[in-house]
Amino acid sequence: MFQFYEKVLHMDVESSFPSSRELPGYFVGVAHNVGDKLTFKILTDDTERIICRSVVCSATDALTSNRRVSFDP
């Protein structure tokens with residue numbers, strides 16, 4: 001699972017090759033009334049809106065990090 005405000009990468013369904021399909025965001029909770037039980041609330045890094053996504057991975061793991069995605073300072 002994720003910790004509150006942990007850096008995560010969520011899938012962007014509108015992106016296509018060659019750009020990355022992962023976008024940066026922050027984990028803010030579990031979406032209880034949307035999707036299945038593994039749907040999470042993500043605060044997006046670019047628009048600063050809360051969205052619900054089920055395809056989420058941690059951005060803090062050095063072995064699986066996406067080097068093409070960067071977080072705004």
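Predicted model, so just to flag it, every value in this text is computed and none were measured. We number each residue from 1, following the sequence as shown.
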Inset, instruction - Please lay out, stage by stage, how M11 and C57 fare under the test side chain to side chain contact (heavy atoms under 4.5 Å, CB included). - result: CA-CA 9 Å; M11 187 172 83; C57 66; over 6 Å; no
Inset, instruction - Walk me through it: do R53 and I51 pass the test side chain to side chain contact (heavy atoms under 4.5 Å, CB included)? - result: CA-CA 7 Å; R53 291 289 183 264; I51 60 172; 3.8 Å; yes
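For N33, there are no side-chain contact (heavy atoms from CB on, under 4.5 Å) partners two or more places apart in sequence or in a different chain. Legend: residues meeting side chain to side chain donor-acceptor pair (under 3.5 Å) with S54, ordered by chain and number and at least two apart, are absent. In this structure, F4 has no ring-ring contact (aromatic ring centres under 6.0 Å, His included) partners at least two apart in sequence or on a different chain.
Side-chain contact check for I42 versus V8: some heavy-atom pair is nearer than 4.5 Å. E6 places a side-chain heavy atom less than 4.5 Å from the side chain of T60. Between K41 and I50 the shortest side-chain heavy-atom distance falls below 4.5 Å.
For L9 against A59, the heavy-atom pair with the smallest separation is CG-CB, 3.9 Å.
Under the 4.5 Å side-chain heavy-atom criterion for Ile, Leu, Val, Met, Phe, Trp and Tyr, L38 and F2 are members of the same hydrophobic cluster.
You'll find the ring centres of F40 and F27 inside the 6.0 Å limit.
Considering V55, T44, D45 in turn, T44 is the only one that fulfils the side chain to side chain contact (heavy atoms under 4.5 Å, CB included) rule with H10.
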